[in-house]
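Scroll down for the structure; my scribbles are underneath it.
First listed ligand is number 1; within each ligand, the first listed atom is number 1. This chain uses plain numbering: 1 for the first residue, then up along the sequence.
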Amino acid sequence: MEFPKFAYFGGKIVPYSEAKVGVLTHALNYGTAAFGGMRAYWNAEQEELNIFRPIDHYRRFLSSSRLLMMEFDQTPEELTQVTIELLHAEGYRRNIYIRPLAFKADESIGVKLHDLRDELSIVAVPFERYVTNDTNAHVTFSSWRRVDDNMIPARGKISGSYANSAFVKSDAVLAGFDEALVLNQDGHVSEGSAMNIFMLRDGVVVTPPITDNILEGITRRSVMELISKELGLTLVERPIDRTEVYLCDEFFMTGTAAQITAVTRVDYRPIGTGVMGPIATQLRRIFEDIVYGRHPKYRHWNTPVYARVADKAL
Ligand code: PMP
């Protein structure tokens, strides 16, 4: 991976080499951090870098931080502005992943959330495809269970809980699969290691509710809107059983990194016809137009980086 040139760290944009923490840092030892992950897409025709729904991402980021008793003065709008300045400093003209991190910065021993110093950083790095087989993924049900709301809340992007995602992902990949699906404590399908899930059964699109120990995904929310408004399909939020996935007609996963990944096999069983279905195909096309800033109806989901800086300078 290429290193970024800059980072937002200690309240200002600094060279990346200065954005460092000590090995005793609380968050590094105890997982007491919350992070975000968003993408910016380079549209060469418009010469524009469009960040996808940054305000919504920063809202969730601040909510995840709040779960860990961290409060920051910055609003989602202000963090978006900082991100625009960071991307402008980098001068990126390609697809980018943006990683905000809120962390317990004290270098001290002792497990707790209260009375610790909170810090916030943002970095941005070039990024392309995350799931290689994103039109024909083969996934397996993990033997690991998803963290529960009463253990580490899955609705927030809490760093410590990503040890759970890492167990899930590595076991699946080392066994030859592209990804894994994780059951929650009730035995219902929650999500993938870093993506939400959707299935098509009998003409209805189904996705687990946010009370099923899933991350409240921004891509999930966007895709739910597209399924209703653009495809005119019925969308239902309800728990999903493992064997429903074996029998469904289409299955796909959504996430900032995974975008819309079509799953065509699960545990060696073909899903539907065994190739990417029409719903995933259409959604991928619409989503791509939207994120690159080519879909007039959804321009409000794009935050342009370079136009904004030019506006500000005027
Ligand atoms: N679930 C988990 C566990 C994740 O880490 C992610 C990635 N952020 C998602 C779902 C998808 O969320 P989003 O669409 O907001 O990226």
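- Given atom 6 (C) of ligand 1, the protein heavy atom at minimum distance is A194 O, 3.2 Å.
- In this pair, F103 and F9 present their aromatic rings parallel. The plane angle is below 30°, not in the 30 to 60° band.
- Between the side chains of W144 and D171, a donor-acceptor pair is found at a separation under 3.5 Å.
- When each atom of ligand 1 is checked for a heavy atom of G217 under 4.0 Å away, the hits are 12 (O), 13 (P), 14 (O), 15 (O).
- Between Y58 and F61, the ring planes lie perpendicular to each other; the angle is over 60°, past the 30° to 60° tilted range.
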N95 and R39: CA distance, side-chain angles, deciding distance, side chain to side chain donor-acceptor pair (under 3.5 Å) verdict: CA-CA 7 Å; N95 291 346; R39 276 189 191 253; over 6 Å; no

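- Less than 4.0 angstrom separates some heavy atom of N196 from each of these atoms of ligand 1: 10 (C), 11 (C), 12 (O).
- The distance criterion of under 3.5 Å between nitrogen or oxygen atoms is not met by T254 with respect to ligand 1.
- Proximity of the aromatic rings of Y268 and F177 is defined here by a centroid distance below 6.0 angstrom, and this criterion is met.
- Using 4.0 Å as the threshold, K157 has a heavy atom nearer than that to some atom of ligand 1.
- The shortest N/O to N/O separation between T219 and ligand 1 falls below 3.5 Å.
- When every heavy atom of G22 is checked against every heavy atom of L28, the shortest pair comes out as O-CD2, 4.1 Å.
- Residues I51 and T83 form a side-chain contact, since some pair of their non-hydrogen atoms from C-beta on lies under 4.5 Å apart.
- The aromatic rings of F252 and F198 lie parallel to each other, with less than 30° between the two planes, well short of the 60° mark.
- When each atom of ligand 1 is checked for a heavy atom of Y162 under 4.0 Å away, the hits are 2 (C), 3 (C), 4 (C), 5 (O).
- Contacts between E191 and ligand 1 below 4.0 angstrom, taking non-hydrogen atoms only, involve the side chain exclusively.
- Of all non-hydrogen atoms in L101 and S159, the two that sit nearest each other are CD1-OG, 4.0 Å.
- Look at R60 and you'll find a heavy atom under 4.0 Å from some atom of ligand 1.
- Checked against a 3.5 angstrom limit, the closest N/O atoms of T256 and ligand 1 fall inside it.
- Below 3.5 Å of separation, one finds an N or O of I218 facing an N or O of ligand 1.
- Contacts between M38 and ligand 1 below 4.0 angstrom, taking non-hydrogen atoms only, are absent altogether.
- Each of the atoms 11 (C), 14 (O), 16 (O) of ligand 1 lies under 4.0 Å from some heavy atom of G255.
- At least one heavy atom of S193 sits closer than 4.0 Å to an atom of ligand 1.
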